[in-house]
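Before any comments, here is the structure.
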Amino acid sequence: MNWQANKKLPLKFYQRELHKVAKELLGKFLVRKTGKNILAGRIVELEAYDGSTDRASHSYNGITKRNQVMFEGGGKLYVYFTYGMHFCANVVTGGLNEGKAILIRAVEPVEGIEIMKFNRYGKKEITSEEIQNLCNGPGKVCRAFGINREHNGMDLTGEEIFITGSGRLKEELIKTSERIGIKKSVDLPWRYYISDNQFVSKTSAGKRRI
DNA sequence: CCACGGATTGGCT
DNA sequence: GCCAATCCGTGGA
């Protein structure tokens, strides 16, 4: 996969309408540089959150200590900690004080897979099943990429964490569904994923989420 | 001040 | 399919 030929997305990419950005992020590459290591994965599943109308969004009740990065304008990384053990990473979109962000739910491992294996399982020899499970969930992506609270608020046009790619997927490859794991505003069809991709998230029973 | 529960995951009653 | 793990932000008193 020729991801390195792609250019880093500019600030303007992120400072646009939430759902437009979400759909265009599908198929692009999340990249993290750490020391001499490069980790990269193709984005295959996302969810949009919009504090102005969406009661499931962390930003729905206005600015707090946790969600303030969501209000700092498009192009920032919003990382939060949940369930006492997991981090989740979001791409902030739109303008200042809009409170809109996109949760990265799954990526297909592309580069630095040995490091991802070690980050997730503490070893470099894993089964093919474990490779499928490397980055197919929001907590797993952060674990595999080593993303944690230190990265909250990071600038996505910087040198450590960024997204590359160009063009957009054909509309027929983009699927939409209700979002996963929320209890409010459950009917909004704001989950976007690539059709028939084996790296979209799985249920605890191991079935792919369609 | 304190109790609640979560944009999850993995293991097993 | 069901549930425990394990923090800490958030909101109500």
Side-chain angles (χ1 to χ4, degrees), chain A residues 18-19 21-23 25-26 30 41 43-72 74 76-94 98-107 109 116-123 126-154 156 175-193 198-210:
Chain A
L18 173 68
H19 300 280
V21 175
K23 288 187 183 181
L25 281 175
L26 284 175
L30 175 68
I43 297 170
V44 301
E45 180 181 350
L46 303 155
E47 283 175 359
Y49 288 86
D50 177 350
S52 66
T53 56
D54 168 14
R55 297 195 307 119
S57 175
H58 289 172
S59 56
Y60 183 70
N61 289 316
I63 300 179
T64 67
K65 183 173 163 186
R66 176 175 66 163
N67 69 20
Q68 68 160 348
V69 172
M70 288 184 77
F71 294 89
E72 292 178 1
K76 296 248 184 162
L77 189 71
Y78 166 49
V79 181
Y80 68 88
F81 181 66
T82 192
Y83 292 104
M85 61 186 79
H86 302 297
F87 292 99
C88 294
N90 298 250
V91 174
V92 179
T93 73
E98 290 187 14
K100 301 182 184 185
I102 303 163
L103 172 69
I104 299 174
R105 284 197 58 90
V107 308
M116 294 183 195
K117 291 175 182 177
F118 191 79
N119 287 344
R120 285 269 289 128
Y121 297 105
K123 56 185 180 179
I126 63 175
T127 66
S128 58
E129 182 179 336
E130 286 173 326
I131 290 176
Q132 290 285 318
N133 288 330
L134 225 40
C135 300
N136 63 344
K140 297 175 187 179
V141 170
C142 284
R143 189 70 187 271
F145 277 68
I147 294 172
N148 57 53
R149 67 179 90 249
E150 296 170 19
H151 307 285
N152 186 39
M154 190 158 278
L156 287 171
K175 293 256 195 179
T176 301
S177 81
E178 294 164 357
R179 295 170 295 177
I180 292 168
I182 54 173
K183 297 220 171 78
K184 302 169 190 166
S185 298
V186 294
D187 293 331
L188 295 172
W190 289 356
R191 172 173 173 251
Y192 301 105
Y193 61 100
Q198 63 184 336
F199 294 92
V200 301
S201 62
K202 302 267 176 58
T203 67
S204 58
K207 292 180 183 161
R208 203 160 342 135
R209 298 187 128 124
I210 302 303

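Here is the naming used below: chain letters follow the sequence lines, and residue numbers restart at 1 for every chain.
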Any donor-acceptor pair under 3.5 Å from A/S59 side chain to A/G99 backbone:
yes
A/N67 side chain vs A/T64 backbone, donor-acceptor pair below 3.5 Å
yes
Write down the distance between [atom1] ([X]) and [atom2] ([N]), rounded to a whole number of angstrom.
X: A/K202; N: B/dG10; atom1: NZ; atom2: P; result: 11 Å
X: A/K207; N: C/dC2; atom1: NZ; atom2: P; result: 13 Å
X: A/R105; N: B/dT8; atom1: CZ; atom2: C1'; result: 9 Å
X: A/D54; N: B/dA7; atom1: CG; atom2: P; result: 11 Å
X: A/Y121; N: B/dG11; atom1: OH; atom2: P; result: 9 Å
X: A/Q132; N: B/dT9; atom1: CD; atom2: C1'; result: 17 Å
X: A/N133; N: B/dG11; atom1: CG; atom2: C1'; result: 13 Å
X: A/K140; N: B/dG11; atom1: NZ; atom2: C1'; result: 13 Å

Say we look at [N] and [M]: how far apart would their [atom1] atoms be, to the nearest angstrom?
N: B/dA7; M: C/dG1; atom1: C1'; answer: 22 Å
N: B/dC2; M: C/dT6; atom1: P; answer: 24 Å
N: C/dC3; M: B/dG5; atom1: C1'; answer: 15 Å

Between B/dA7 and A/Y80, is there a base-stacking contact, meaning the centre of the base's six-membered ring lies under 5.5 Å from the residue's ring centre while the planes stay under 30° apart?
no
What pairs with A/K117 under side chain to side chain donor-acceptor pair (under 3.5 Å), at least two apart in sequence or on another chain?
A/E114
Partner residues of A/T93 under the side chain to side chain donor-acceptor pair (under 3.5 Å) criterion, sequence neighbours left out:
none
Pairing annotation in dot-bracket form, given for DNA chain B with Watson-Crick or G-U pairs under 3.5 Å and | for cross-strand partners:
||||||.|||||.
Output every pair passing salt bridge (Lys or Arg N to Asp or Glu O under 4.0 Å) with a member in residues 55-70 of chain A, not counting sequence neighbours, ordered by first then second residue.
none
Tell me, which pairs form a salt bridge (Lys or Arg N to Asp or Glu O under 4.0 Å) where one or both residues lie in residues 139-148 of chain A, sequence neighbours left out?
none
With a cut-off of less than 4.0 Å, is there a side-chain N or O of A/R179 near OP1 or OP2 of B/dT8?
no
Looking at B/dG5, I'd like to know if its phosphate oxygens (OP1 or OP2) sit under 4.0 Å from a side-chain N or O belonging to A/K183.
no
For A/R55, report the nucleic acid contact type (base, sugar-phosphate, nothing); a contact means any heavy atom under 4.0 Å.
nothing
Which part of the nucleic acid, if any, lies within contact of A/I182, taking any heavy atom under 4.0 Å across all strands shown: a base, the sugar-phosphate backbone alone, or nothing?
sugar-phosphate
Cationic N near anionic O, under 4.0 Å, A/R179 to A/D187:
no
Applying side-chain contact (heavy atoms from CB on, under 4.5 Å) to A/R209 and not counting sequence neighbours gives A/R105, A/I180, A/R191, A/S201, A/T203
Listed once per pair and sorted, the side chain to side chain donor-acceptor pair (under 3.5 Å) pairs that draw on residues 78-87 of chain A, sequence neighbours left out:
A/H58-A/Y78
Restricting to ring-ring contact (aromatic ring centres under 6.0 Å, His included), what partner residues turn up for A/F87, sequence neighbours left out?
A/F81
Please encode protein proximity along nucleotides 4-13 of chain C as a string of B, S and -, counting only heavy-atom distances under 4.0 Å.
-BBBSSSS--
